[in-house]
Each structure stands twice: as C-alpha cells, then as structure tokens.
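The chains referred to below are lettered A, B, ... by the order of the sequence lines, with proteins before strands, and numbering in each begins at 1.
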Number of protein chains: 2
Amino acid sequence: MPTPQKIAYDPNVPVDPRVETLVNELIGRVADKWTLLVLEELEDHGTCRFTELSRRVPGISQKMLTQTLRAMERDGLVVRTVHPVVPPKVEYCLTDLGHSLGEAFCGVWVWAEANLERVARARMAFDARD
Amino acid sequence: MPTPQKIAYDPNVPVDPRVETLVNELIGRVADKWTLLVLEELEDHGTCRFTELSRRVPGISQKMLTQTLRAMERDGLVVRTVHPVVPPKVEYCLTDLGHSLGEAFCGVWVWAEANLERVARARMAFDARD
DNA sequence: GTGCCTACTTTCTTTTGGAAAGTATAGGGA
DNA sequence: TCCCTATACTTTCCAAAAGAAAGTAGGCAC
C-alpha cells in the first residue's frame, strides 16, 4: 500500500489522472437521479420488494427500476434475494458499501432541503430577466 | 419561522410530503453527471471561461456545456459574466450557493476515491457469475 | 477580401427513457 | 375446466434527450 487512505480532499496533492478518470466515471454512474432515489428509499425503509420500491420511488418506470437495481447490484451497492415461491418474491437491501454511499449523499439531501427556497428565488429572478 | 433549520436528517421527524417532492425534484436536477463535473472544475480552478471548461470537463459537448451552465445559472449556482469584447469572453464562477453544493458533494468524491477498488471487485464478481 | 478567434446555436443522428402490453407460474374460485 | 389473481420482470413502440459536426457573429490582422 503506497499511500495511506485519504480522509478529505486536499487540492495541494495532485491526483493521478488515471484515478481521476476512474473517479469521474464512477461518479457519473452513481450520481444518477434514480440511483439516488432508490438509495434513499432503501436507507429509509430497509429491505424492500420490487413492487414496494416502484410504488415508493416517485415516477420511476418498471424498466428503469430493473435497470437501476441491476446496476446497483453489479456495483455492489445492493443485494438481491430471490425467494423461489409463486408468485415471485424478490427482496433488495443495501450492502455496507451501499449504506456508505447513502451516508456520503446525506450532505446533498441536507443541502437540498436547506436551500430549496434560495434556489426557487434564484429561478424566479432568472426567469424575470429581460 | 415555524421550525428551526435542521442540521442533519432525523428519520423520526416525518417530512412534509410536499417538501419531499420538491427536494426530490431538486436532487434530480442537481445530481446530474455534467453538473457535478462542472461544479468540481469550478471548485478546483475558480473562475473559468467557456472553452477552458469544455477542455477540462472530460467528454462534454458544447451543447451540453451550454445547457448545464444555463441551468446552473438559473438555479443560482454560477454567475455568468460577459465581457463585451471581440472575440467574446465569458467567465463563469461559483456563487456561495454553488460552493456550498460543492461542499455537500465532497463526501461523494471522497467516497468514490476510497471505494473505486471495491466497486471494481464487485463488478468483476457480478460479471463472473453463471 | 480571407482567415482567425470565441462562445455559442442549429441540424442531424444516435441513444436513452417512459408507457403499456406481454410472459411465466401456481393457487383459488365458479 | 377455464379464468382470475399476484409478482417480477421483459418486450415493444414511441418520444425525449444527448452527441457530433457544421454554421453564425463580428471585429481585427493580414
């Protein structure tokens, strides 16, 4: 292990550009509307079934829910458990990694809630120009 | 002001569903790949010109850069300054609000850098199944 | 005149997303 | 027996969004 793990970002330590590319790709994958909403739902309600999620996540289509859950499973964020019964029962829950991502995004939820009004005012001001 | 501003999320305090809808919408707007990458660039390099940004943000097209910057401007995240010269010179920089969003996303960057390998391993394991 | 510079805009094509219908399977009711 | 229900998808079709590339404006150097 050549370097100890960093805790916070330090702009004075240049990052290996290959690492930066990988980080950008991962951020692009993970910073997705549906991934975020599913993550939040699983954080708040723990283990969920497919239909439960599709009811809880506002506006998601079944297609996007399947895609999002598969991608999250592949990335190690959720575990998918199939119970071989009829009608089918499939449960999804967060892994430790998924939970840690949820915590990392926590600041963004807090920010959004705290700044709703500021953004609304900025939009009104912008739209009123000209 | 009916309630004091919350600092952290408390699952025991139910949130007004209308507020939750607005927060979801705002998250959906702001948690966008290009918004994040532009935000990072402006955090790291301060004021930037259009072409500079399009060079620095990997893979963005001019069209998406314009769209992203306009949306960020409308939301009060960046300021756009036009210098009436020829050839044109337009500078973009973060507002306080934009900077605070950057800080809120900081946890996600740290998470991504810290967990690159774990995600890579999860993907390999997933792809090796069957 | 021709070309150059920047910050876009426009046009066209490809990719992605959403809505709705279809699939498989077993049990229960008429 | 036939039909209906329930769940977790998959498929199909169409609209919306994103990407690539070319076009625009307008002063200045040559």
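Remark: B/I60 CD1 to B/T68 OG1 distance equals 4.5 Å, nearest 0.5 Å. Taking CG of A/L42 as the start and OG1 of A/T47 as the end, the distance is 8.0 Å to the nearest 0.5 Å. Taken from CD in A/Q67 to OG in A/S61, the straight-line distance is 8.0 Å, to the nearest 0.5 Å. Distance NZ/B/K33 to CZ/A/R29: 11.5 Å, rounded to 0.5 Å.
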In 5'-to-3' order, the base (B), backbone-only (S) or no-contact (-) status of each nucleotide in nucleotides 15-27 of chain D, using a 4.0 angstrom heavy-atom cut-off, is ---BBB-B---BB
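Near DNA chain C, defined here as any heavy-atom distance below 4.0 Å, the residues from residues 47-55 of chain B are B/R49, B/F50, B/T51, listed numerically.
Within a 6.0 Å radius of CG in B/D96, no more than 12 heavy atoms belonging to other residues, nucleotides or ligands are found.
C/dC8 atom C1' lies 11 Å from atom CG of B/L69, rounded to whole Å.
By the 4.5 Å heavy-atom criterion applied to side chains, A/Y92 and A/L77 are not counted as neighbours. The shortest distance between side-chain heavy atoms of B/T66 and B/F50 falls below 4.5 Å.
Following chains of ILVMFWY side-chain contacts shorter than 4.5 Å, one cannot reach B/V78 starting from A/F126, and the two form parts of different hydrophobic clusters.
For the pair B/R70 and C/dA7, the criterion of a side-chain N or O lying under 4.0 Å from OP1 or OP2 is not met.
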